[in-house]
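No experiment lies behind these values; they were computed from the predicted model shown. Here is how names work: the chains are called A, B, and so on, in the same order as the sequence lines, proteins then strands, and each is numbered from 1.
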Amino acid sequence: MTWDWSYAVEIVPNLMVGVWYTILVTLASSAIALIGGLLLAILEIASTRLGRTFVRFWLELARGVPILILLYFTFYVLPQLGITIPAIPIGIGVLGVVYAAYCSEVYRGSLITIPTELRDACVALNLSQYVTWQRVLVPLMIKRAVPALLNYVLGLFRETAMLFAIGVPVLMGEAQVAGNESFRFLEPFTLAGIIYMAMNLPFLYLLSRYKDKHA
Amino acid sequence: MLSAAEFSHSRPFVPEAATEAHGVAPKSKHAKWAIEFERISKFFGAHRVLVDLDLQVQPGEKVTLIGPSGSGKTTVLRLAMTLEKPTGGDIRIFGESILFDSAGKPLSTSQEARIRRRCGMVFQQFNLFPHLTVLQNLVLAPTTVLRQSKEQAENTALEYLRMVGLEGKVHAYPAQLSGGQQQRIAIARALILKPEILLLDEITSALDPELAGEVLDVVRGVAHETKVTLLIVTHEMRFAREVSDRIAVFDAGRIIEQGSPDKIFSYPECDRTRAFLQSVLNH
Ligand SMILES: Nc1ncnc2c1ncn2[C@@H]1O[C@H](COP(=O)(O)OP(=O)(O)O)[C@@H](O)[C@H]1O
Ligand SMILES: [Mg+2]
């Protein structure tokens, strides 16, 4: 098995398409995860007991079921029930929802580190519940949660590779297609691995910057 | 930092805009008391913290609560600020209950908020919002609660910053300030809402002695130059003697003795008061 440079160069454009889809899917599902997770955390904390139980159940479901099953279920089973959604929105949605569950845990964790005295100060200043959340609790929650959230975004980015299973042309999918067409797998998967790793670097840089700044 | 005396020579201590609102005549005609605790009891679980407590404070009066740690002083202030609910009894602010409406039903959140607006509180740990600058800390409530324009709120905030001698720190974050500076900001943040009753809970206990002085100077200024009703918890006996009209001595959830500072410090009646004063004065 020898490395074929000309073949490697030939598949780079296809892999770049995969890179593009990977970025798209990562950004879109991260947005769902980060915002959805925050809303879930607030809902769980501010809701009634019944609401809390519902949110918890839903979170356990999202975290307990393998992503592949969620993907296959929405891709293969829902159409039989008459609901057909294209692969890309399914991929974005499933990753977003699952990671929203993880992120909500992070937000909740950071909320309980906010001293109750700050809430007392909000009451003493007569801030409404809405202002208290919007201007005090949520900003502090986010600030404390950033490093852990970035770690999850990193994990989500890696898991986008799974979406090739339902045909989303992410980097992993493009590598698979290239391999299948030529029966050469060394170059596509080696390159894909290297590109995935290189794409990690900006995240890691951000993470270390943030940690330096807020250490 | 100027001392209170120098301060008041150079300019009015409290911004003019504020003076007419501080300690305005009670809105309810029959309100004899600014704040009134009636047979208040408070349990935390099975632990009885306040025992049938009665306390009345006149509008404009400066009352200081002293007593051993754990005797229930903080709880009294927290009850007044609606940070805690009593187990029994009633609390009235300018004649209006902060617990029940006229039909005896618990107040709604908005009714409670309306009455609570007449109180402000400053805490031992300052409790400034760490992610906001000094100016943002000061304008948050005015722009959201009082719905002032940003410009108006900022102008007022600057006046109050000048009053506490920190106009140079407008854009600093709390973590960049000394404890004494943070506490002066916290006082300004409370005063800016023009409370008629100001609750001060051991506001110098977390400070080194040299920083405590600058905070007490600010409170002296407020006490002497406004009509705000003050309810103070402190271990600074000299300060208590200076600013208080009346001292109430707490012990195990009861007021065991109250009276003028002279009476309490020079002629205490209860043995427990004497023992307590001895223990603090020897420190
Ligand atoms: N949130 C709470 N839960 C349980 N116990 C409390 C709580 N707050 C205060 N206590 C108890 O109530 C008693 C009175 O406390 P506090 O009012 O803070 O006293 P002081 O301010 O005079 O030191 C103490 O024994 C304290 O441990
Ligand atoms: Mg206390």
| request: Before accepting this row, confirm whether a basic side-chain N of the pair A:Glu105/A:Arg108 lies closer than 4.0 Å to the acidic partner's carboxylate O. | output: yes
If you tally heavy-atom pairs under 4.5 Å between each of B:Thr144, B:Leu132, B:Thr109 and chain A, the highest tally belongs to B:Thr144
| message | Distance to the ring centre below 6.0 angstrom and angle to the axis at most 45 degrees; does that hold for B:Arg189 and B:Phe129? | response | yes
With chain A, the option among B:Val145, B:Thr82, B:Val122 that has the most non-hydrogen atom pairs under 4.5 Å is B:Val145
- Aromatic plane relationship, A:Phe203 with A:Phe157 - under 30° parallel, 30 to 60° tilted, over 60° perpendicular: tilted
The interface call for A:Val123 against chain B, heavy-atom contacts under 4.5 Å, is both
When the 4.5 angstrom heavy-atom criterion is applied to B:Leu128 and chain A, the contacting part is backbone
Is there a side-chain contact between A:Arg119 and A:Leu137, using heavy atoms and a 4.5 Å cut-off?
yes
